Amino acid sequence: MSEPQRPTRSRWRQRLHNWVTRGQVPGAEHTLGHRNIYVLPSAAGCMLAATLLVLLVASINFQLNLGYLLTFLIAGSALASVWVGHRNLQGLQLHLGPLQPVFQGERATVPLHLQAPVAGPHRHGLSVALNRSQGPLAWVHADVAAGHTQVVELGSVPHQRGWHRVPRVVLESRYPLGVFRLWSYWQPDGRVLVYPCPETPAPPIQHLDHAHSGTSLPQPSGMVEPDNVRHYQRGDSLRSIVWKKAALALALGHGDLVVRSGTAPQADRLWLDARATGLTDPEAQIARLTAWVLQAHAQQALWGLRLPSGQQLPQAMGEPHLHACLAALAVDGKSAAPH
């Protein structure tokens, strides 16, 4: 459950955040303790303090013993809530889940595992968000039982291709009374790979030899067998049917017809080349190549890729080849350091 309505961080809170997080190094996990849990009164706590001050002045002025009792009872309960809230966070562990690549402009999901130790209380009123420098924080709320792990999914929308470092995570709690805000920061040691956004709509795949003439590369109509035959498809000429193989197939009972392929398998010469896009802007070339990569993979063709930077990926097919080419397109012309 998200709550994106919380206001943007003010200037003094940004300065406090910079001071608190100075010197922090990315880590694979984060354990909350007395060295990294910070406490400040919330807005409700400041209003409660002002109310208690007025109540105390009125009790002194009118010599109200019950006023003294009420003032110190509420103040003591508020101060005791600091210890209860600190105990609610003490020992809580944060782990980063597996990160999946996304396309540019899509929501990147960051799974976060909240683990409470067995020897301890249940953890209530936890709020987690990615600590963005601008805009409101999208909070996700959770409770964690002792000895259990709760997975929360945070998200952000990257607008550039390449590697992106996971933003700093902020975890806070205002349990139990809401008059104090207890929080902690953690910089996860994780990166998200963002694939480039494919061009939409994309033109048909162009062969390098036909790029300047504007002729599209004919797409294979079916999977070609090693001996230059393929399965029969509706619309194929009856003369192209290999009747000897058809008779053998009918005799065996499976009834599959095959036809001759008039040319050698076109997948052998299917190269997705940046020069064949007819574009000069590298980003536009990458967007078109991304669309062609998805088209070639959908056609189950054997294809290779030549990037605008000159890097070349050999011809192959399948999911691993698809993701290898998308990853190469994502980082082409980019530095190795994540954003």
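Keep in mind it's a predicted model, so treat the numbers as computed, not measured. The residues of the chain are indexed from 1 along the displayed sequence.
- Remark: side-chain polar atoms of T109 are not paired, donor with acceptor, to backbone N or O of G155 under 3.5 angstrom.
- At a threshold of 4.5 Å between non-hydrogen side-chain atoms, the residues W163 and K334 do not count as touching.
- Partner of V144 under the side-chain contact (heavy atoms from CB on, under 4.5 Å) criterion, out of L126, V152, T149: L126 alone.
- Looking at heavy atoms from C-beta onward, V194 lies out of side-chain contact with P101 at the 4.5 angstrom threshold.
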Are N131 and Y185 close enough, and set up right, to give a side chain to side chain contact (heavy atoms under 4.5 Å, CB included), and what steps lead you there?
CA-CA 9 Å; N131 191 44; Y185 291 111; 3.8 Å; yes
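- The two atoms that bring S81 and F180 nearest to each other are OG-CD1, 3.9 Å, heavy atoms only.
- Taking hydrophobic clusters as Ile, Leu, Val, Met, Phe, Trp and Tyr residues chained together by side-chain heavy-atom distances below 4.5 Å, L79 does not share a cluster with Y68.
- The two residues P98 and P111 have their closest heavy-atom pair at O-CG, 3.3 Å.
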For residues 56-64, which side-chain N or O atoms pair as donor and acceptor with protein atoms under 3.5 Å away, sequence neighbours left out?
residue : atom : partner : partner atom : Å
S59     : OG   : L55     : O            : 2.8
Q63     : NE2  : I60     : O            : 3.1

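- With hydrogens and angles disregarded, no donor-acceptor distance shorter than 3.5 Å links the side chain of E283 to the backbone of P196.
- Distance alone, capped at 3.5 Å, is enough to place a donor-acceptor pair between the Q285 side chain and the L279 backbone.
- Remark: H95 NE2 to E29 CD distance equals 5.0 Å, nearest 0.5 Å.
- Atom-to-atom distance recorded for T200:OG1 and R288:CZ is 11.5 Å, nearest 0.5 angstrom.
- The shortest heavy-atom contact between V169 and P188 is CG2-CG, 3.7 Å.
- Judged by distance alone, the side chains of H148 and Q115 never bring a donor and an acceptor atom under 3.5 Å apart.
- With sequence neighbours excluded, the residues satisfying side-chain hydrogen bond (donor to acceptor under 3.5 Å, both in side chains) with S309 are D332.
- Side chains of L313 and L307 form a contact here, defined as non-hydrogen atoms less than 4.5 Å apart.
- A cation-pi arrangement is present between R306 and W271, with the terminal nitrogen or guanidinium carbon under 6.0 Å from the aromatic centre and inside a 45° cone about the axis.
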Worked check of side chain to side chain contact (heavy atoms under 4.5 Å, CB included) between L305 and W292:
CA-CA 10 Å; L305 178 65; W292 286 357; over 6 Å; no
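- With contacts defined as side-chain heavy-atom distances shorter than 4.5 Å, the pair L92/T31 does not qualify.
- The distance from the CG atom of L96 to the CG atom of L112 is 6.5 Å, given to the nearest 0.5 Å.
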Could you walk me through whether E153 and V110 pass the side chain to side chain contact (heavy atoms under 4.5 Å, CB included) check?
CA-CA 6 Å; E153 291 188 350; V110 180; over 6 Å; no
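- Taking hydrophobic clusters as Ile, Leu, Val, Met, Phe, Trp and Tyr residues chained together by side-chain heavy-atom distances below 4.5 Å, V151 does not share a cluster with V140.
- In this structure the side chain of L322 reaches within 4.5 angstrom of the side chain of L294, judged on heavy atoms.
- Annotation: cation-pi geometry satisfied between R181 and W183 (NZ/CZ under 6.0 angstrom from ring centroid, within 45° of ring axis).
- In plain terms, the two heavy atoms of A327 and L193 that are nearest each other are CB-CD2, 3.7 Å.
- Below 30°, between 30° and 60°, or above 60°: for H122 and H124 the angle between ring planes is above 60°, a perpendicular geometry.
- In terms of hydrophobic clustering, with Ile, Leu, Val, Met, Phe, Trp and Tyr side chains grouped at heavy-atom distances under 4.5 Å, L48 and F72 are assigned to different clusters.
- Within the structure, ring pair (Phe, Tyr, Trp, His ring centres under 6.0 Å) pairs that include any residue of residues 97-119 comprise F103-Y195 (at least two apart or interchain).
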Residue pair Q315, H321: steps toward the side chain to side chain donor-acceptor pair (under 3.5 Å) verdict
CA-CA 9 Å; Q315 291 180 334; H321 183 55; over 6 Å; no
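- Side-chain N or O atoms of R123 include one that pairs as donor or acceptor with a backbone N or O of Q90 at under 3.5 Å.
- Nearest heavy atoms, Q160 versus H164: O-NE2, 2.6 Å.
- Heavy-atom contacts from other residues, nucleotides or ligands closer than 6.0 Å to CG of L73 number more than 12.
- Looking only at distances, a side-chain donor or acceptor of R161 sits under 3.5 Å from a matching main-chain atom of L329.
- Remark: side-chain polar atoms of D143 are paired, donor with acceptor, to backbone N or O of G125 under 3.5 angstrom.
- The closest side-chain heavy-atom distance from L302 to L270 is not below 4.5 Å.
- Side-chain contact between L272 and I205 is present, with heavy atoms from C-beta onward closer than 4.5 Å.
- When the side chains of ILVMFWY residues are joined at heavy-atom separations under 4.5 Å, either directly or via intervening members, V157 and V166 end up in two distinct hydrophobic clusters.
- Annotation: side chain of L182 is not in contact with side chain of Y175 (no heavy-atom distance under 4.5 Å).
- Distance CD/Q100 to CD/E106: 12.5 Å, rounded to 0.5 Å.
- Put simply, CG on N88 and OG on S173 are 4.5 Å apart, with the number rounded to the nearest 0.5 Å.
- Put simply, Y38 and L137 are part of the same group of oily side chains (I, L, V, M, F, W, Y) that touch within less than 4.5 Å, one to the next.
- Between S184 and H30, the side chains place a donor N or O and an acceptor N or O closer than 3.5 Å (distance only, hydrogens not considered).
- For the pair G178 and S42, the tightest heavy-atom approach, listed with the atom from each and the gap, is O-OG, 2.6 Å.
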Kindly determine whether L114 and L171 satisfy side chain to side chain contact (heavy atoms under 4.5 Å, CB included), including the steps that lead there.
CA-CA 10 Å; L114 307 178; L171 183 144; 4.0 Å; yes
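- The distance from atom CG of N36 to atom CH2 of W186, rounded to the nearest 0.5 Å, is 12.0 Å.
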